[in-house]
Asks: 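Next up is a structure, given as structure tokens.
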Amino acid sequence: MIRRTALKPPSPAALLRWYDAHARDMPWRMKGGKRPNPYHELLSEFMLQQTQVATVIPYFHAFTKRWPTLMALAKASLDDVRHAWSGLGYYRRAKFLHQCVKAVVERHGGKIPQDEEALRALPGIGPYTAAAIAAIAFDKKAVVVDGNVERVMARVFAVEEKLPAAKKKLHELASSILPKNRFGDYAQAVMELGAMMCTPKNPQCTKCPWQNNCAAFAKGMAQAYPRKATKKVTPQKYSTAFITLNKKGEVLLRRRDEKGMLGGLWEFPGTPWETAKPSASALKRHAPVKLRWQTGKKPVSHVFSHFKLETALRIGHSAAAFFPDTKHNGEYRWMKWKDLSTLALPTLTLRIADAAKEYLEAKS
DNA sequence: CACGCGTGGAA
DNA sequence: TTTCCAAGCGT
């Protein structure tokens with residue numbers, strides 16, 4: 001019979017001591033129990049959804065400089081907010097953020113509500129973000145569970161059930177070890193522990209304040225948790241983009257549909273993204289205008305959240321100024337190369353633009 | 001509940 | 001080079 005020493009439950013106080021000594025500086029974060037500007041907290045939470053702290057920081061500075069208050073952001077145009085979000089990814093968040101701050105103005109007189117239920121009712125705010133804002137901005141008692149917290153709980157309690165099925169259990173475990181005060185600091189402390197110590201790979205268990213309370217560490221198996229369902233492979237897709245230049249040296253762009261991927265952002269016209277390379281007839285069908293296209297050198301490869309895309313380039317000079325054929329739905333516009341960055345562009349469009357400019361400069 | 005939805009850093 | 005995956009949300 002294996003004799004096993006019962007582990008003491010993890011101590012919130014011990015974690016808070018570690019946090020006070022080791023927490024990173026973040027521009028929206030206050031230390032020593034002080035509460036942040038609620039607008040800063042809300043803005044950072046939108047940006048931090050599925051996005052790492054280091055990636056968010058420059059965007060946070062840009063937003064707060066341009067829109068110092070929630071009211072200022074609520075008065076901005078959606079195009080401007082999307083433009084400022086360009087490159088950050090998951091672009092739906094920009095639209096939800098804009099809708100959210102406008103809803104705060106309309107429903108709550110411009111003051112961010114403090115209770116989870118009212119927060120949860122706002123666009124783009126789900127269970128995590130509502131709990132995080134309530135706890136961090138207002139020091140309300142809330143169970144703040146993100147991917148970090150799930151990983152920490154799965155290890156501390158050696159949860160065998162696989163993600164995502166284990167989510168409910170992990171939430172219950174997180175709620176079972178809340179502190180009696182400093183709810184905001186504690187929420188950040190568990191997440192910070194997950195981000196800095198209890199990492200997915202090579203966790204730093206020997207430096208962890210909960211080392212002696214961790215069932216997974218006791219088994220020498222920390223990295224094996226959380227258990228996960230196997231996930232499927234990401235498909236490869238292909239497309240061709242048309243770089244259309246007019247005599248004024250402008251290039252043709254079109255706006256993507258509001259729904260779906262990269263909604264409302266600008267791209268070069270091209271073929272749909274499909275698992276087979278576009279056929280000759282597809283190229284003819286989807287070219288924005290009929291002219292002699294030159295083939296670019298190397299295709300641009302890009303990885304999205306759920307597939308890979310390889311985009312070939314066709315470059316053509318349009319003899320006459322023309323208005324794009326109306327059979328192509330959507331909004332079109334001509335832009336100077338140097339003005340491209342004034343549009344809300346996804347990274348794919350920027351990379352295609354770079355490849356096209358390289359090609360054109362090599363030819364001239 | 002499973003899926004669609006970006007990007008870049010780390011290993 | 002490839003793989004993993006991050007302070008999730010809406011449908």
Side-chain angles (χ1 to χ4, degrees), chain A residues 23-24 26 28-29 36 40-60 82 85-97 99-100 119-133 135-137 142-152 162-168 171 174 184 186-196 198-203 223 226 228-237 256-265 267 273 301-309 344-351:
Chain A
R24 291 172 288 176
M26 299 176 197
W28 53 84
R29 173 175 280 178
H40 289 180
E41 166 58 17
L42 181 144
L43 176 62
S44 70
E45 291 300 347
F46 269 84
M47 292 180 164
L48 286 163
Q49 289 169 4
Q50 293 286 283
T51 308
Q52 297 191 342
V53 169
T55 305
V56 163
I57 286 175
Y59 285 86
F60 178 84
R82 275 192 177 130
W85 199 274
S86 180
L88 191 54
Y90 283 138
Y91 296 95
R92 203 171 48 150
R93 292 181 295 170
K95 191 172 183 175
F96 285 144
L97 169 64
Q99 291 175 344
C100 178
L119 286 162
R120 181 71 183 76
L122 293 165
I125 294 187
Y128 161 75
T129 305
I133 294 172
I136 297 170
V143 187
V144 181
V145 181
D146 72 335
N148 288 307
V149 180
E150 287 181 344
R151 185 170 57 255
V152 171
K162 292 176 180 174
L163 281 175
K167 280 176 177 290
K168 186 164 182 282
H171 188 279
Y186 176 76
Q188 294 177 90
V190 189
M191 293 191 282
E192 190 80 350
L193 186 74
M196 305 305 292
C198 197
T199 48
K201 294 171 189 169
N202 306 317
Q223 191 168 327
K228 290 191 175 179
T230 55
K231 59 172 189 284
K232 49 189 180 183
V233 294
T234 58
Q236 175 76 56
K237 296 189 179 185
R256 293 178 60 84
D257 193 283
E258 280 293 321
K259 300 188 297 287
M261 274 202 71
L262 310 178
L265 277 69
E267 68 177 359
W273 305 346
S301 293
H302 193 69
V303 180
F304 291 111
S305 53
H306 53 299
F307 63 91
K308 302 171 191 170
L309 180 67
L345 304 178
T347 297
L348 172 66
T349 302
L350 283 173
R351 294 187 55 200

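Labels below follow one simple rule: chain letters A, B, ... track the order of the sequence lines, proteins then strands, and each chain is numbered from 1.
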Asks: OG of A:Ser301 to CG of A:Leu348: how many Å apart, nearest 0.5 Å?
Replies: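 Spacing of OG (A:Ser301) from CG (A:Leu348) equals 10.0 Å.
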Asks: Ring centroids only, cut at 6.0 angstrom: are A:Trp28 and A:Phe60 within range, meaning strictly under it?
Replies: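 Between A:Trp28 and A:Phe60, the centre distance is under 6.0 Å.
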Asks: Using side-chain heavy atoms (C-beta onward) and a distance below 4.5 Å, is A:Pro235 in contact with A:Lys308?
Replies: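 The answer is no, as the side chains (C-beta and beyond) never meet within the 4.5 Å cut-off.
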Asks: Which nucleotide of DNA chain B is the first, and which the last, in the 5' to 3' direction, to come under 4.0 Å of a heavy atom belonging to chain A?
Replies: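 It runs B:dC3 to B:dA11.
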Asks: Which value, in whole Å, describes the distance between the C1' atoms of nucleotides C:dA6 and B:dG6?
Replies: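 Going atom to atom, C1' in each nucleotide, I get 12 Å.
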Asks: At under 4.0 Å between heavy atoms, what does A:Leu88 touch on the DNA or RNA strands: base, sugar-phosphate, or nothing?
Replies: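 The residue A:Leu88 makes base contact.
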Asks: Would you give a per-nucleotide map of nucleotides 4-11 of chain C, 5' to 3', where B means the base has a protein non-hydrogen atom under 4.0 Å away, S means only the sugar-phosphate does, and - means neither?
Replies: SSBBBBS-
Asks: Using the P atom on both, measure C:dC9 against B:dC1 and round to a whole Å.
Replies: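 About 16 Å, rounded to a whole number of Å.
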Asks: Quote, to the nearest angstrom, the C1' distance that separates B:dG8 from C:dT1.
Replies: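 About 16 Å, rounded to a whole number of Å.
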Asks: For a quick check of understanding: with a heavy-atom distance under 4.0 Å over all strands, which category does A:Gly260 fall into, base, sugar-phosphate or nothing?
Replies: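 Since only primed, P, OP1 and OP2 atoms lie under 4.0 Å of A:Gly260, the category is sugar-phosphate.
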Asks: Write down the distance separating the P atoms in C:dA7 and B:dA11, rounded off to the nearest Å.
Replies: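 The answer is 13 Å between these two P atoms.
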Asks: So, A:Phe304 versus A:His306, ring centres under 6.0 angstrom or not?
Replies: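 They do not qualify: ring centres at least 6.0 Å apart.
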Asks: A:Thr347 near the nucleic acid: base, sugar-phosphate alone, or nothing, with a heavy-atom cut-off under 4.0 Å?
Replies: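 It contacts sugar-phosphate atoms only.
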Asks: Is the shortest side-chain heavy-atom distance between A:Pro346 and A:Glu267 below 4.5 Å?
Replies: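 Counting from C-beta outward, A:Pro346 and A:Glu267 never come under 4.5 Å.
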Asks: Dot-bracket for DNA chain B, please. Rules: Watson-Crick or G-U, both distances under 3.5 Å, ( ) within the strand, [ ] when a pair crosses earlier ones, | for another strand, . otherwise.
Replies: .||||.|||||
Asks: Distance alone, cut at 3.5 Å: any donor-acceptor contact between the side chains of A:Arg93 and A:Thr51?
Replies: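 Their side chains do contain a donor-acceptor pair, which is all the 3.5 Å distance test asks for.
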Asks: Less than 6.0 angstrom from the centroid, inside 45 degrees of the normal: does A:Arg92 satisfy that with respect to the ring of A:Trp85?
Replies: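 That pair does not qualify as a cation-pi contact.
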Asks: Does any non-hydrogen side-chain atom of A:Thr129 lie less than 4.5 Å from one of A:Gln49?
Replies: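 SC-SC contact between A:Gln49 and A:Thr129 confirmed.
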Asks: With DNA chain B as reference, determine whether A:His306 or A:Asn202 sits nearer its 5' end, using the nearest nucleotide of each.
Replies: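 Its nucleotide being nearer the 5' end, the pick is A:His306.
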Asks: Any chance you could lay out the side-chain contact (heavy atoms from CB on, under 4.5 Å) test for A:Lys95 and A:Glu258, step after step, and finish with the verdict?
Replies: CA-CA 10 Å; A:Lys95 191 172 183 175; A:Glu258 280 293 321; 2.8 Å; yes
Asks: With the side chain counted from C-beta on, respond yes when A:Glu150 and A:Lys167 share a heavy-atom pair under 4.5 Å apart, and no when they do not.
Replies: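 Side-chain contact under 4.5 Å: yes.
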Asks: Under 3.5 Å, is there a donor on one side chain and an acceptor on the other for A:Tyr128 and A:Glu45?
Replies: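 There is such a pair between these side chains.
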